[in-house]
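Read through the structure below, which is laid out as structure tokens, and then see the notes.
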Protein chains: 2
Amino acid sequence: MITQSIQDYLKVIYKLAVNRKQVNTNAIAERLGVTQASVTSMLKKLSELNLIEYKPYYGVELTGGGEKIALEIIRHHRLLELYLAEALGYSWDQVHEEAEKLEHHISEEFEDRMAAVLGDPDFDPHGAPIPSKDGVMQERYLVSLASVGAGARVQVKQVSDHNAELLRYLGKMGIYPEVEIDVLEKAPFGGPLHIRIAGREHHLGESLTNQIWVTPQPARDEPEATS
Amino acid sequence: MITQSIQDYLKVIYKLAVNRKQVNTNAIAERLGVTQASVTSMLKKLSELNLIEYKPYYGVELTGGGEKIALEIIRHHRLLELYLAEALGYSWDQVHEEAEKLEHHISEEFEDRMAAVLGDPDFDPHGAPIPSKDGVMQERYLVSLASVGAGARVQVKQVSDHNAELLRYLGKMGIYPEVEIDVLEKAPFGGPLHIRIAGREHHLGESLTNQIWVTPQPARDEPEATS
DNA sequence: ACTATTTTTTAGATATATCTAATTATTTAT
DNA sequence: ATAAATAATTAGATATATCTAAAAAATAGT
């Protein structure tokens, strides 16, 4: 039986693997809030179930089966987030916590009906791509707002969904997916970024701009590709 | 921590207590599909948590706290059933199974928002009353269709929600809450009941009519109460 | 009232996922 | 290259909810 715990491990491993190449015990333990010892014993189990490729002291890789389960759960999570926002009027800082619990307990029927009501959406309220039923994601090439230089105009595409307080703060400033931002000034040594958005100006620290993902190129004044 | 298991035990105890007066180990075990030994050990635990009054070899009664949790779960279940039917287009034979899982995992926020979308409903799709947030239920005095004599016209008010096949069969005959039934003939010794509903006639066995609950008095030709 | 049957409880085992503490392996720094 | 630091694993314990098999208590039948 695939327990909730197994699903959580696979989801975290998937997400870590997207960034780094080698996923280590440490990182999994930290993300899940359990001890390293717990992770080790669970990795053994996942390996026996053929959900991961596990080489002790090296790292972990999902097998086809493991990735399938991870993507199913991520699809559940992101569909739920959008459904809670659209159909039940949740604010975008509330949806993550609720989806985190429900993602493990909804049926395929529920998943399908939500998707139908929402018109088979591609992105959740924070701009994260929703994997399709057969495990394909609309991947995009985005950069963190922290890496953008002064003078650029970029478009917000995605924000981190973990921290409710952060989301409320972004909401107050009007920073949502699809909104355009002018980067006015960039303080040296990772200092605050001075931006303008919908006519209002703000200074944002690095721990904030690290969690905002934008289009890599300026959204305007870019020459069209010529054949 | 109140586990899912504890919630299930309290729900079953509540439902058994509504019918019989004394709730025994046997009945709980049967309803939950576990052994009597498991029930005994769980009853001890529930007693320690002050959720039930437990006298070994006698029976079990819910305390105020236990009843509160039971009613919360029943509210979740019935609100979910109605929400799945109304908002997501589930048929009435599908809602029970999904609600049975989700009832343990939705937040109070989710509960409140469903209730708001549905306009604070009093009954679920099978006609079962939905407890209010402070634990009050719209109780009605109903009788089983099996107990109704020939010649009566009664109104369906509630049907059992457990058996999906039964529900599909009832649906096919048009037997839903609020529909009126004429009882034409009653075979002796618990034989089939001959009924007419919306112009069509059917013969129903006792195991079926036992699961249909109707108004105790004839729904028409009843004198208005005079002051 | 005593025996037989049914019901309930106890005793002891299992499975899952977690923990702490101690050990072993790997990596980093001088 | 060896010591120090970091990371991962093992061993053994805990907690929860379940099970089977056996014993004890309550109920029913003659």
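Letters A, B, ... mirror the listed sequences (proteins, then strands); counts begin at 1.
- Around the CD atom of B/Gln4, the shell of radius 6.0 Å holds more than 12 heavy atoms that belong to other residues, nucleotides or ligands.
- Taking 4.5 Å as the limit, some side-chain heavy atom of B/Lys68 sits within range of a side-chain heavy atom of B/Glu72.
- Applying the 4.0 Å criterion to OP1 and OP2 of C/dT10, one finds that B/Thr40 has every side-chain N and O outside that range.
- Distances shown here put every side-chain N or O of A/Asn24 at or beyond 4.0 Å from the OP1 or OP2 atom of D/dA7.
- Within the 4.0 angstrom heavy-atom criterion, no nucleotide atom of any strand lies near B/Tyr58.
- With A/His76 as reference, A/Glu111 is the one residue of A/Glu108, A/Glu111, A/Glu103, A/Lys11 to meet the side chain to side chain donor-acceptor pair (under 3.5 Å) rule.
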**Q.** side chain to side chain donor-acceptor pair (under 3.5 Å) assessment of A/His77 paired with A/Glu81
**A.** CA-CA 6 Å; A/His77 183 94; A/Glu81 285 196 345; 2.8 Å; yes
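- Among the atoms of the strands shown, none is found under 4.0 Å from any heavy atom of B/Lys55.
- Protein atom CG of B/Leu49 is 14 Å distant from nucleotide atom C1' of D/dA15, rounded to whole Å.
- Below 30°, between 30° and 60°, or above 60°: for A/His194 and A/His203 the angle between ring planes is below 30°, a parallel geometry.
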Protein-nucleotides 16-18 of chain D N/O pairs under 3.5 Å:
| residue | atom | partner | partner atom | Å |
| --- | --- | --- | --- | --- |
| D/dA17 | OP1 | B/Thr3 | OG1 | 2.6 |
| D/dA17 | OP2 | B/Lys45 | NZ | 2.5 |
| D/dT18 | OP1 | B/Ser5 | OG | 3.0 |
| D/dT18 | OP2 | B/Ser5 | OG | 3.4 |
| D/dT18 | OP2 | B/Tyr9 | OH | 3.4 |

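- Proximity of B/Lys44 to the phosphate of C/dT9: no side-chain N or O atom is located under 4.0 Å from OP1 or OP2.
- For the atom pair A/Arg31 CZ and A/Leu16 CG, the distance stands at 4.5 Å (nearest 0.5 Å).
- An OP1 or OP2 oxygen of D/dA8 is reached within less than 4.0 angstrom by a side-chain nitrogen or oxygen of A/Gln36.
- Computed from coordinates, the B/Tyr57 OH to C/dT9 P distance equals 6 Å when rounded to whole Å.
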